[in-house]
Each structure stands twice: as C-alpha cells, then as structure tokens.
Amino acid sequence: MAERYDPKEIDEKWQKQWEESGIYQADEDPSRPKYYVVTMYPYPSGDLHVGHWYPITPTDARARFMRMRGFNVLFPMGFDAFGLPAENAAIRNNVHPKIWTYNNIRRMEKQLRMTGASFDWRREIITCDPEYYRWNQWFFLKFYEQGLAYRKFAPVDWCPTCNTTLAREQVLGTERLCERCNTAVIRKDLNQWYFRITDYAEELLDLSSLDWPEHVLTLQRNWIGKSEGAQFAFSVKDTEEKFEVFTTRPDTIFGVTFCVLAPEHPLVERIVTPDRKAEVEAYAFQATRQSEIERLNTEKERTGVFTGAYAVHPFTGEDVPIYVADYVLMGYGTGAIMAVPAHDERDFDFAKRQGVEIRVVIEAPDGEGQALTTPYSGEGKMVNSGAFTGMPSREGKAAVAADLKAKGIGGPAVNYRLRDWLVSRQRMWGTPIPILYCDQCGMVPVPEDQLPVVLPDDVDFKPTGESPLRYHDGFRHTTCPKCGGPAERETDTMDTFVDSSWYTYRYLSPHHDAAPFDVLAGEYWLPVNLYTGGAEHAVMHLLYARFFHKVMRDMGMLNALMAVHPDRVWDEPFPTLFNQGTITSFSYRDPSGRYLPYAEVEFEGEKPVHRDTREPLTEAAEKMSKSKLNVVAPDEYVDRYGADVVRLFLMFIGPWEQGGAWNPRGVEGIVRFLNRAWWLVTEPSEPGANTTGEADPARVRDLQRAVHQTLRKVTGDFERFSYNTAIAALMELSNAMQRAKQTPVVNTPAWQEAVEIFVLMLAPLAPHLAEEMWHRLGQPYSVHQQSWPQWSEELAAEESIEIVVQVNGKLLDRVRVPAYATEAVVREAVMETEKVKKALEGRQLRKFIYVPGRLVNLVIG
RNA sequence: GGGCGAGUGGUGAAAUGGCAGACACGGCGGACUUAAAAUCCGCUGCCGAGAGGCAUGUGGGUUCGAGUCCCACCUCGCCCACCA
C-alpha cells in the first residue's frame with residue numbers, strides 16, 4: 001500500500017499523457033476569455049540551466065493558475081536562433097551554424113519539456129527558419145517603402161591589415177588592436193542600414209498605458225533621453241560655412257567664449273587653418289582611435305586643439321574661437337557645441353586648460369561661482385546679456401530661443417539621446433537584408449514575391465572576419481528584377497533584435513503564409529496579457545518591440561483588431577510586464593583570480609580551499625555563466641528529486657522579482673515538503689494514529705478554517721506572483737493537516753475537501769505531483785483542467801480573536817475575545833485584566849485606541 | 001558624477017503604519033535503530049540564572065504606535081555615464 005513518491009516515473013508518465021491529450025493546446029474560442037502569456041524566448045546556446053528555469057517555471061505557474069480560473073490560456077515557446085555564437089562555433093568546427101543551432105534546439109526542446117511547463121508546442125517558432133525570417137525581410141521592405149529603413153555612412157571599427165570591419169568584441173584592449181593581426185584598429189565610414197526609430201521617440205516616451213516595473217520605465221525614459229532647449233547655426237568667420245549647435249541653456253548664450261567641434265565633425269577639415277592642419281589632424285586621428293568608453297572617461301584630462309578658425313557670435317558679433325575636442329561627441333546632438341565656461345563644468349575645465357576667457361552671465365542667487373573658481377550651472381538672473389540682462393534664466397531660455405528664430409538662424413528645439421537603430425551586421429548567421437545593388441537601377445528592393453532571400457547552406461567558414469556571404473558567388477550575384485541585368489545582393493544581415501521585435505505575433509499563426517500573422521488569430525489573442533523576462537532586456541528589446549508594434553499599427557495591420565476590441569490596449573505590444581530577478585550561483589576563484597570548477601573546490605569548515613593545493617579560495621554569488629564555471633544544470637536534481645522540486649525550490653528562494661542564489665542545501669526543505677504532501681494525500685492514515693470514534697466538531701471547524709484561510713491567501717499570492725509566501729502557506733496547511741490526520745477528523749467530508757483543495761492549490765506549482773495525487777484520489781483527468789476552488793469567507797472566519805494590549809505602544813498583554821465583539825466589549829475585557837489594572841495604578845488613562853480586531857493601545861500619562 | 005534599488009537571526013527570508021523574525025535551511029537535544037540514513041518530536045534573534053531588558057545599517061523627525069512614512073548620513077548592488 002505504502003508506495004514511495006517516485007518523481008522520475010511520475011514526471012515522465014504525465015508529461016507523455018499531457019502531450020498526447022493536448023490539454024495545453026490553445027485555440028481561438030470566442031466563448032471563453034483569453035489569456036496570452038509569453039516569457040522571453042531563449043537563445044539556443046546548448047543547455048538549459050537553472051537560470052533558464054527561473055523565468056519559465058513561475059510563468060508556467062501563472063499560466064496554469066489562469067487556466068484553472070477559466071481562461072483560455074496561450075503559453076507558447078520558441079528560439080531566438082540567429083546570432084554570433086553559432087557563427088563562432090562554425091568557424092571553430094567548420095560546421096554550418098544551422099547544424100549547430102538545430103542540434104542545440106533539439107536538445108533544449110527536450111530540456112524545456114522536462115520543466116513540465118504547459119507550452120503549446122504546435123506554435124513553436126525558430127527564427128532562423130526561412131518561414132520565420134521571410135517576414136523579417138517583409139517588414140524590412142515595408143519599412144523601406146515608408147522611409148523607415150534607410151542606408152547611410154557610419155563609422156565602424158576597421159582593421160587596415162585585414163581590410164575588414166570588426167565587431168566590437170573583436171577589438172582587444174585599451175590599445176584597440178585587431179584580435180587576429182594585432183594591428184591598431186581605425187574608425188571608418190561604411191554604408192549601414194538604419195531603422196528610423198527616432199521618428200517615434202516622442203511616442204515611445206509616453207509610457208502612461210504600461211503596467212511595468214518602475215525601474216524599467218525609468219530606463220526607457222532615460223534611454224530616449226529627451227532634452228529641450230534651442231538649436232541654431234553659427235557662421236564661420238570669413239567663409240560661407242555654418243555649423244549647428246544644440247544647447248539646453250540658450251539663456252547662457254552671452255557667456256559663449258568658444259565653440260567645440262567633435263573630432264569626426266565633417267566641418268573640421270574645411271575650416272582648419274593651414275598652420276593648424278597638422279596638429280588638428282593628428283589630434284582627430286588619435287581621438288577616433290579611442291573607444292567611446294575611453295573618451296567618456298571623466299577622469300581623463302580634457303584635451304583639444306584650436307582650429308585657427310572663428311565663429312561669429314549671433315548676438316554680439318564677436319569672434320568666437322573654434323576648437324576640436326573629444327569631449328564633444330559626434331553621436332549626440334549636432335556634434336558641435338557652444339561653450340559657456342562660466343556655467344558648464346566641462347567647458348570650464350577646458351577653458352582653464354586652454355586659457356580661454358570665462359564670462360559670467362548668470363548670477364547665482366547666493367553668489368556661488370562668481371569668483372570663477374567653480375562654474376555655476378544652476379538657474380539665476382541673467383547679467384551681462386545685452387537686452388536680456390535682468391531676466392530670470394528660466395524665462396531667458398524661451399526668450400533667447402525666440403530671438404534666434406527671429407534672426408532666422410535657429411529656434412527652440414528638442415533633442416533625443418536615442419539614435420536611429422543600426423540594423424546592419426557584417427555577419428552570416430542572420431536574416432539577409434532583401435536589397436540588391438544594380439549598376440543600372442541602383443538600390444533595388446527584392447520584390448515581395450521573391451521572398452524569402454534564403455541563406456545558402458554551402459558557405460565556407462574561413463575566419464576572414466567578414467560575412468561568408470560576401471564570398472559566396474551564388475548568393476552574392478544575381479539579376480536585377482527591374483532591368484534583368486547583373487546585380488549584387490546586400491551581404492549584410494539584420495540585427496537579431498529585429499527577429500525578437502515581433503515574435504509574439506508569429507506565435508499566433510506560426511505557419512501563416514500570407515502575412516506575419518493571421519488577423520483572425522490576432523483579433524482573439526492580442527495583445528499579450530503578460531510578458532515576463534529579465535531586466536537585461538529592459539531597454540533595447542523592449543524599446544524595439546514597442547517601435548515595431550507602433551509601426552505595425554500605423555501600417556494599418558492592427559485596424560481590424562482595433563475595430564473588434566476597442567476596449568483593449570492597442571498602442572503597446574506588452575501592456576503588462578514582469579521582470580524576474582537573477583538566479584545566481586556560487587563561483588570560486590583562486591588567489592590569481594582564475595575561476596575553478598566545482599570538482600576542484602573543497603571545504604575546510606566554511607572556508608573553500610583548493611582540493612590539491614589547499615589554497616584559500618574566494619566565494620561569490622554570480623550570474624551563471626560558462627566562463628565562471630558556475631552553471632548549475634538542473635538535470636541532476638530533476639533526476640533525483642523530480643522537476644517539481646526544482647520548480648518549487650526556485651519559487652521558494654525569495655520574491656520572484658528579486659532572484660537569489662542557488663544553494664543546494666535548501667533543496668532538502670522542498671523535498672521534505674513534497675514527500676510529506678505525498679504521504680498526506682496518498683496514505684489513508686498514519687500508523688498508530690487514533691482515528692476511531694466521533695470527530696470533535698471544533699477540530700473539524702479548525703481544519704476547515706485552515707483550508708479556507710490558506711485558499712484565500714494562496715489565491716491572493718498567486719495574483720501578485722508572490723510564490724514564496726504561497727508555498728509557505730501551503731507548508732503551514734500541510735503541517736496542520738498532518739496533525740488533523742492523527743484524529744477522527746480524517747474520516748469526515750471536511751478532510752476530503754481539505755485534501756482536494758490542497759492538491760488543486762499545488763497544481764500550478766507542482767504539476768506532476770498534483771496530477772498523480774489527483775489521479776490517486778480517484779478524480780477525473782486532469783487536475784489542470786479543474787476550476788480553481790473558491791474559498792468561503794464564512795468557513796475562513798475566526799470565532800474568537802486575540803487582541804494585543806499595548807501601553808504607550810509597548811506590548812503588555814493579550815486578551816481573547818469573540819470575533820464579533822464590539823469596542824465596548826473589548827474595552828471591558830481589556831480594562832479588567834490584572835496587568836492593565838496594575839499598569840494603571842496611580843496613573844491616568846489619557847487615550848484608548850482600538851484597532852478593530854487587532855489591538856488596543858492605552859496611552860497613559 | 002547621475003539615476004534606481006537594497007540593508008531584518010548563523011543562512012534564504014516574512015510582516016495592508018498595529019504581537020518583528022511566518023515558512024524553510026542550518027544547528028542543538030531527544031525518539032526510533034545493533035548502527036547509520038530516512039522519518040518524527042522539542043529547542044533555536046541577542047543579553048540575562050530569572051524577572052526582565054535590548055533588537056530591523058546610523059542619527060533625527062512625523063505618529064497613540066515606525067522594519068514600513070519623511071529628512072540626513074553610511075554601506076552594498078545594479079544601470080547610465082563628458083548627453084551640451
């Protein structure tokens with residue numbers, strides 16, 4: 001009779017059964033409310049580790065909970081299958097990235113099934129499949145048609161020896177050397193494709209309809225980085241040349257004593273005076289060799305050189321010297337600034353070094369900064385500013401901007417930190433950009449009916465550092481669809497963020513061949529009700545996906561959907577986002593900083609030491625990564641304890657949004673809990689228990705109360721993803737039931753109800769165990785198709801409550817009163833207790849505070 | 001330099017402004033066992049023999065009452081970082 005809980009057998013049995021009966025397959029069903037939940041799809045790196053389980057299994061618990069609450073739940077899964085690691089593996093092993101990727105996917109699919117997640121596998125998408133990336137190309141063409149995709153010159157890292165561009169990770173060290181030939185890398189302008197995301201900057205800044213974590217909203221806001229001010233043109237003295245500057249402080253314009261151009265600014269070579277040319281060029285060359293990171297290092301001395309040229313101040317007509325300095329970035333604003341050393345720290349430092357005049361034009365309220373030892377960058381009264389003198393700087397900003405407009409050289413302006421999205425990658429393992437270059441017709445988009453442009457299977461993986469597509473004649477050379485003449489294909493591929501910008505739509509109809517997604521499916525399922533994933537995607541992916549969604553809306557792709565469901569959110573792809581924390585594990589390093597595999601670590605008491613050398617090691621909880629040798633494979637745990645133990649343990653570590661460290665010691669607690677739950681449900685009674693005779697009605701009531709209170713608590717906890725406290729509540733109930741099981745209560749209907757509700761509550765968390773227990777209770781398949789039970793407030797209610805008695809806020813005593821006791825009754829009960837009488841002796845009760853059902857505070861003077 | 005978080009037992013943590021430490025891990029003691037494992041029971045914030053006192057990073061404040069709200073500071077973490 002007593003049969004042990006054998007998770008291995010149970011997991012396999014039910015996973016197979018679920019698959020065969022298709023209970024997680026979700027189809028459009030207008031008679032039921034829908035719930036579309038997506039967790040960010042993984043990159044098929046090879047093996048699923050517990051870090052992957054962390055977003056997946058609690059999201060699955062959510063999917064199962066919502067299913068039990070009557071929703072038609074769609075929970076799909078797929079693979080973000082293009083990307084650099086596959087290509088590196090290809091170069092290493094001379095095997096096509098496709099083979100490497102698909103092998104990994106096959107393995108990871110199995111591992112994903114092992115989690116017990118309720119995925120609808122019919123909807124799996126793999127982004128490197130032509131059936132998928134065809135639609136990346138389709139989107140590209142649509143963007144191109146609308147002017148949202150364009151090509152322009154942009155600086156890239158270039159190795160002059162290898163004659164090729166390098167990816168950022170191929171440039172080594174602060175010396176910025178090519179990883180293959182150790183030549184110093186230079187900046188070079190190349191033709192690159194961009195998506196015009198800046199067109200949507202203002203709308204992307206509107207986050208008001210999003211139920212997202214506050215810090216993600218802040219990141220999005222900061223990334224877009226809107227600033228308001230003025231933009232205007234300076235004329236270069238004695239030439240026809242002009243250059244634009246952007247400033248957030250037009251009110252300081254009378255303090256301009258020089259201008260600065262970024263080293264890459266195209267005007268530099270045109271205005272530099274012959275005597276300065278050599279120095280300026282040397283400086284610009286030096287500056288462009290440095291990475292952005294180095295240039296942005298604030299510790300660095302602020303360097304720069306004078307061009308010999310002067311700009312004309314738009315208000316005073318004075319000569320303003322023009323410098324080149326690397327503290328001005330080509331990538332922000334206009335790549336040129338007006339410098340106001342009295343009121344900007346950077347300009348101040350530079351002016352001090354260069355001996356440029358510092359002119360105070362804003363008077364600080366407290367006189368700060370007037371001594372010219374420090375710049376004053378706050379607001380104040382404008383001084384020494386011509387007609388504007390005496391004006392508060394706040395008003396001055398608008399007034400100066402308006403004046404610039406009146407002069408016809410500029411005006412008020414808004415500037416964004418957000419740049420257009422560079423989508424070109426000089427890589428092979430990505431979506432080919434569907435553009436041709438014809439000698440006769442120029443740039444020609446591939447006609448829609450010729451999509452997809454398929455990646456060739458027979459490419460040569462020599463480590464040239466360039467896309468192998470460039471050397472694949474069959475791919476590169478083709479004919480022009482316009483004139484029939486010879487044409488070349490674009491050999492760059494798309495950023496993989498393009499793939500992930502719309503995959504949640506593709507899940508709806510993964511094999512639809514007339515459009516990216518079937519409108520009828522979209523009409524039912526969209527938008528995504530819940531999107532879960534890591535904070536590492538808080539900016540790029542989520543911003544790009546929002547951008548894509550808005551473009552799709554503006555293309556009219558959502559019109560039919562919006563017409564049918566005007567009540568839903570249509571301006572955003574993911575109205576609700578949950579960001580789970582990071583799961584870490586311990587890594588060990590020897591004194592030289594080298595990471596050690598667990599096999600080489602031993603413990604002397606609490607102290608980790610090296611197995612052989614006995615050297616002391618440092619222990620740190622870090623994000624799992626192959627390089628840190630701290631990746632925890634779930635396999636061993638799944639094998640020994642079952643998937644449910646791993647699921648529960650991950651959810652029990654702490655709040656889901658917080659993450660935590662994987663510490664195998666703690667697993668035992670969950671193992672014990674599930675084993676106890678197993679015995680509790682499957683064994684009729686404990687040996688030696690006294691279960692004969694009539695059940696005490698009070699004990700029966702206690703059990704019912706515990707069950708219904710737990711149900712109320714667990715339901716609330718599930719709603720707010722508080723799985724750790726839900727599990728704690730289930731543990732408490734299990735302990736209470738354990739005690740009731742030793743008594744005749746076990747023979748009552750209340751016990752039966754308790755067991756059933758307990759199993760139902762466990763189902764979203766531990767789906768295999770719950771299914772088996774449900775089955776053994778003689779209940780119909782499947783527990784995952786049952787309705788979530790409803791608690792009874794009446795049964796959950798307490799009959800008597802304990803009132804805490806405080807004196808001046810400090811705990812004195814507790815009194816038990818009936819749950820329905822009025823304040824008068826409570827007061828009487830409290831005032832009669834010995835401790836209160838004693839406390840009141842010779843003192844005066846100034847105030848009686850009663851918090852209904854909770855406590856009494858006696859304020860005594 | 002800026003922004004956002006977070007500081008509670010030996011550990012992971014819990015606590016709509018109302019009994020701080022639920023639930024677990026670990027530890028200690030006990031039962032069962034020839035023994036061990038497993039299981040079960042009890043104890044386990046600190047000081048104190050006890051009564052009791054002290055405790056949520058530090059210092060202030062608001063409140064009848066603060067882990068929770070406000071201000072300042074310290075420490076740690078993450079993100080952004082010459083953004084004009």
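In what follows, every heavy atom counts, from backbone to side chain, and hydrogens, waters and symmetry copies are set aside. Quantities reported herein were computed from a predicted structural model and do not represent experimental measurements. Throughout, a chain's letter reflects where its sequence line sits, starting with A, and its residues are numbered from 1.
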Q) For the side chain of Arg417(A), counting heavy atoms from C-beta on, which of C23(B), A15(B), C83(B) is nearest? A) C83(B)
Q.
Assess whether a salt bridge exists between Lys352(A) and Asp349(A), defined as any Lys/Arg side-chain N lying under 4.0 Å from an Asp/Glu carboxylate O.
A. no
Q: Could you measure between the two P atoms, the one in A55(B) and the one in A6(B), and give it in whole Å?
A: 24 Å
Q) For His537(A) and C79(B), what is the distance between atoms NE2 and C1' respectively, to the nearest whole Å? A) 15 Å
Q. Which part of the nucleic acid does Leu855(A) contact within heavy-atom distance under 4.0 Å: base, sugar-phosphate only, or nothing?
A. base
Q.
By nearest atom, which of the nucleotides A81(B), C23(B), A84(B) is closest to the Glu732(A) side chain?
A. C23(B)
Q. Does Gly669(A) or Trp223(A) map to a spot on RNA chain B nearer the 5' end, using the closest nucleotide for each?
A. Gly669(A)
Q.
Categorize Asn724(A) for me: base, sugar-phosphate, or nothing, with a 4.0 angstrom heavy-atom threshold over every strand shown.
A. sugar-phosphate
Q) To the nearest angstrom, how far is Phe673(A) atom CZ from C25(B) atom C1'? A) 15 Å
(Q) Please report whether the ring centroid of Tyr637(A) lies less than 6.0 Å from that of Trp53(A). (A) no
Q: Look only at the side chain of Asn724(A) and the backbone of Met651(A), and say whether a donor-acceptor pair between them is shorter than 3.5 Å.
A: no
Q: Indicate, with a heavy-atom threshold strictly under 4.0 Å, whether Asn735(A) touches base, sugar-phosphate, or nothing.
A: sugar-phosphate
Q. What integer distance in Å separates Glu657(A):CD from G77(B):P?
A. 21 Å
Q) Expressed in angstrom and rounded to an integer, what is the separation of Ile224(A) atom CD1 from C83(B) atom P? A) 19 Å
Q.
Please report the distance, rounded to the nearest Å, between CD in Glu536(A) and P in C78(B).
A. 14 Å
Q: Give the rounded distance in Å between these two atoms: CZ of Arg814(A) and C1' of A20(B).
A: 12 Å
(Q) With a 4.0 Å cut-off on N to O distance, would you call Glu636(A) and Arg640(A) a salt bridge? (A) yes
Q: Whole angstrom is fine here: how far is it from CG in Leu674(A) over to P in C25(B)?
A: 12 Å
Q) Can you find an N or O donor on one side and an acceptor on the other, under 3.5 Å apart, linking the side chain of Arg665(A) with the base of C25(B)? A) no
Q: For nucleotides C69(B) and U63(B), find the distance between their C1' atoms and express it as a whole number of Å.
A: 10 Å
Q | Arg359(A) and Thr257(A) side chains, donor-acceptor separation under 3.5 Å | A | no
Q: Using Watson-Crick or G-U wobble geometry with both distances below 3.5 Å, tell me the partner of A81(B), or none.
A: none
Q) Does A14(B) have a Watson-Crick or wobble mate here (both distances under 3.5 Å), and if so which one? A) none
Q. Is the phosphate of A13(B), meaning OP1 or OP2, less than 4.0 Å from a side-chain N or O of Gln658(A)?
A. yes
Q. Say you pick atom P in A22(B) and the same atom in G42(B); how far apart are they, in whole Å?
A. 15 Å
(Q) Nearest to the side chain of Phe652(A), heavy atoms from C-beta on, is which of C64(B), A24(B), U39(B)? (A) A24(B)
Q) So, the side chain of His313(A) versus the backbone of Val320(A): is there a donor-acceptor pair under 3.5 Å, distance only? A) no
**Q.** Where the chi angle of G9(B) falls, syn if within 90° of 0 and anti if not
**A.** syn
Q) If the C1' atom of C70(B) is compared with that of C43(B), how far apart are they to the nearest Å? A) 41 Å
Q: Using both distances under 3.5 Å as the test, list the Watson-Crick or G-U wobble partner of C40(B), or none.
A: G30(B)
Q. Does Lys810(A) place a side-chain N or O at less than 4.0 Å from the phosphate oxygens OP1/OP2 of G18(B)?
A. no
**Q.** Pair Glu379(A) + Lys397(A): basic N to acidic O under 4.0 Å
**A.** yes
Q. Any side-chain N or O of Arg672(A) under 4.0 Å from OP1/OP2 of A24(B)?
A. no
(Q) Under 4.0 Å, counting only non-hydrogen atoms across every strand here, what does Phe848(A) touch: a base, just sugar-phosphate, or nothing? (A) nothing
Q | Pairing partner of C54(B) (Watson-Crick or G-U wobble, both distances under 3.5 Å) | A | G45(B)
Q.
Say we look at G10(B) and G27(B): how far apart would their C1' atoms be, to the nearest angstrom?
A. 8 Å
**Q.** d(CG, Leu811(A); P, C54(B)) in whole Å
**A.** 13 Å
Q) In terms of side-chain heavy atoms of Leu329(A), which of C19(B), A24(B), C83(B) is nearest? A) C83(B)
(Q) Let's test this: given Watson-Crick or G-U wobble pairing with both distances under 3.5 Å, identify the partner of G7(B). (A) C74(B)
Q: Could you measure between the two C1' atoms, the one in G17(B) and the one in G77(B), and give it in whole Å?
A: 28 Å
**Q.** Nucleotide nearest Val328(A) (side chain, heavy atoms from C-beta), chosen from A13(B), A84(B), A15(B)
**A.** A84(B)
Q. What about Tyr5(A) and Trp679(A), are their ring centers closer than 6.0 Å?
A. no
Q. Quick one: side chain to side chain contact (heavy atoms under 4.5 Å, CB included) partners of Thr248(A), sequence neighbours excluded?
A. Ser227(A), Phe246(A)
Q. Just checking Val859(A): base, sugar-phosphate only, or nothing, at a heavy-atom cut-off of under 4.0 Å?
A. sugar-phosphate
Q) Which whole number of Å gives the distance between the P atom of U39(B) and that of U56(B)? A) 37 Å
**Q.** Nearest-nucleotide pick for Arg720(A), side chain only, options being G65(B), A84(B), A15(B)
**A.** A15(B)
Q: Dump the intermediate steps for ring pair (Phe, Tyr, Trp, His ring centres under 6.0 Å) on Trp656(A) and Phe578(A), then the final yes or no.
A: CA-CA 9 Å; Trp656(A) 191 25; Phe578(A) 189 95; 4.6 Å; yes
Q) Between U16(B), C23(B), A84(B), which nucleotide has the shortest distance from any of its atoms to the side chain of Ala728(A)? A) C23(B)
(Q) Quick check for you: among C64(B), A15(B), A84(B), whose closest atom lies nearest to any side-chain atom of Arg346(A)? (A) A84(B)
Q: In whole angstrom, give me the gap between the C1' atoms of G12(B) and U16(B).
A: 24 Å
**Q.** Test of ring centre spacing under 6.0 Å for Phe258(A) and Phe350(A)
**A.** yes
Q.
When both hydrogen-bonding distances must be under 3.5 Å and the geometry is Watson-Crick or G-U wobble, what is A66(B) paired with, if anything?
A. none
Q) Base, sugar-phosphate, or nothing for Asp344(A), non-hydrogen atoms under 4.0 angstrom? A) nothing
Q. Where each residue is assigned the nucleotide of RNA chain B containing its nearest heavy atom, which of Gly333(A) and Ile849(A) is assigned the position nearer the 5′ end?
A. Ile849(A)
Q: Could I get the full list of side chain to side chain contact (heavy atoms under 4.5 Å, CB included) partners for Ala336(A), not counting sequence neighbours?
A: Phe243(A), Val245(A), Leu261(A), His265(A), Thr334(A)
Q: Would you mind classifying the nucleic acid contact of Arg846(A) as base, sugar-phosphate or nothing, using non-hydrogen atoms under 4.0 angstrom?
A: nothing
(Q) Give the residues of residues 214-222 of chain A touching RNA chain B, defined as any heavy atom closer than 4.0 Å, sorted by residue number. (A) His215(A), Thr218(A), Leu219(A)
